[in-house]
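For this chain, numbers begin at 1 and follow the sequence in order.
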Amino acid sequence: MHYRRLGRAGIKVSEISLGAWVTFGNQIDEKTAVKLVHAAYEQGVNFFDNADVYAGGKAEQVLGKAIKDLPRESLVISSKVFWPTMPWVNGRGLSRKHIVESIHASLKRLDLDYVDIYFCHRYDPDTSIEEIVQTMDMLVRQGKVLYWGTSEWKAAQVARAYGFARQYGYIAPSVEQPQYNLFRRDRVEEELAPLCKDFGLGLTTFSPLYNGILTGKYNKRIPAGSRASLEKYAYLKEYITPEAIAKVQKMMLIAQDLGMTPAQLSIAWILRRKEVSSVITGATRLEQLDENLISAEMANKLDEDVLTCIDEIFSSPIT
């Protein structure tokens with residue numbers, strides 16, 4: 001396992017990490033989740049991503065149990081705040097009230113004294129940038145959060161937060177967490193890459209397999225038990241189009257020639273970008289975890305010819 005700095009921050013994270021979204025407290029049982037965390041840790045993963053809204057808080061509880069016997073100083077644990085997790089009008093968003101109450105709730109569920117990274121899970125148009133930055137600065141100075149960042153914020157919004165923090169001496173965001181994969185490229189490559197260069201932001205990207213579509217498992221049908229087969233994620237069927245499947249099938253031929261699985265090629269392709277600090281992966285089985293973690297070792301197979309072929313597939317319409 002290789003480790004990358006979180007942008008210009010001193011902390012280092014494993015270039016492949018394990019996330020709790022969808023799986024922990026939902027698709028898999030607690031015993032399986034604990035095994036996955038320990039197996040990932042044994043293979044060098046130190047970054048485990050979570051959020052207060054995942055499985056209604058159960059994902060944090062499961063992760064808290066999974067890491068209980070692991071050395072705290074060897075772990076990088078993240079959580080997030082924004083979505084509704086509490087009743088009444090102030091139970092969502094990025095107001096100082098909700099952020100403070102949410103971090104306390106997350107720390108209790110995780111059974112930790114602090115989280116290493118705390119993300120603003122979305123931009124909140126109802127709360128000023130000033131209030132958000134001041135509140136995150138307060139949590140860092142209190143020792144409840146070590147680094148803070150944003151998730152799925154527009155480049156202009158991140159720039160405003162960074163600019164305000166630097167102008168008035170507050171602790172600025174260190175990281176942004178965007179979706180990034182072969183189907184969703186523009187935001188990272190065109191909008192966020194310049195910010196990473198100018199502000200020293202790191203990126204911890206999610207959905208590297210585009211909700212499993214890039215693995216090829218949806219090429220013929222939607223398998224029973226897969227994410228797209230679950231009622232909660234029925235919206236994914238909108239993305240499983242003939243055009244998308246045609247692109248995946250072409251990409252799978254490249255992966256086969258390289259001796260890689262489609263998942264490994266998809267993850268290795270993301271790791272080619274220096275702005276990416278870590279690729280957040282998910283898994284429901286140990287076999288999936290092992291397959292994903294090998295991806296980093298295969299990144300050197302992606303020469304210019306391979307990258308050009310991939311670009312031609314995913315930037316050109318299928319006719």
- Go through Gln27 and Thr284 one step at a time and tell me if the side chain to side chain donor-acceptor pair (under 3.5 Å) criterion holds. CA-CA 7 Å; Gln27 273 190 302; Thr284 57; over 6 Å; no
Worksheet item: Are the charged groups of Asp116 and Arg72 less than 4.0 angstrom apart, N to O?
Response: yes
Exercise for the section: Identify whether the distance between the nearest side-chain nitrogen and carboxylate oxygen of Arg272 and Glu189 falls below 4.0 Å. Expected result: yes
Residue set satisfying ring-ring contact (aromatic ring centres under 6.0 Å, His included) with Tyr41, at least two apart, ordered chain then number -> none
Side-chain contact, heavy-atom cut-off 4.5 Å: Leu112 with Ile67?
yes
Which of Thr205, Asp49, Thr150 passes side chain to side chain donor-acceptor pair (under 3.5 Å) with Gln177? It is Asp49
Is the Phe164-Tyr170 ring centre distance short of 6.0 angstrom? yes
Residue set satisfying side chain to side chain contact (heavy atoms under 4.5 Å, CB included) with Ala299, at least two apart, ordered chain then number -> Ala268
Value for OG (Ser106) from NZ (Lys144), rounded to nearest 0.5 Å, stands at 12.0 Å
To the nearest 0.5 Å, atom OG of Ser78 lies from atom CD1 of Ile280 at 6.0 Å
One should read off an interatomic distance between Asp29 CG and Thr23 OG1, to the nearest 0.5 angstrom, of 11.5 Å
Across all chains, not counting sequence neighbours, the ring-ring contact (aromatic ring centres under 6.0 Å, His included) partners of Phe206 are none
Quick one: are Glu15 and Leu271 in side-chain contact, heavy atoms under 4.5 Å? yes
Query raised in the report: Would one find more than 12 heavy atoms of other residues, nucleotides or ligands at under 6.0 Å from atom CG of Asp113?
Result: no
| query | Is there a donor-acceptor contact under 3.5 Å linking the side chains of Ser79 and Glu60? | reply | yes
Between the CG atom in Leu63 and the CD atom in Gln61, the distance rounded to the nearest 0.5 Å is 11.0 Å
Can you find a heavy atom in the side chain of Val81 that is under 4.5 Å from one in the side chain of Leu94? yes
Q | Main-chain N/O of Gln179 paired with Glu152 side-chain donor or acceptor, under 3.5 Å | A | yes
Verify the ring-centre separation between Tyr54 and Trp83: is it less than 6.0 angstrom? no
Rounding to 0.5 Å, atoms CG (Leu203) and CZ (Arg273) come to a distance of 9.0 Å
### Query
So does Lys301 have more than 12 non-hydrogen atoms from other groups sitting under 6.0 Å from NZ?
yes
Are Asp126 and Arg92 close enough for a salt bridge, meaning some N to O gap below 4.0 Å?
no
Report task. Give a yes or no on this: more than 12 heavy atoms of other residues, nucleotides or ligands lie within 6.0 Å of atom NZ of Lys217. Result -> yes
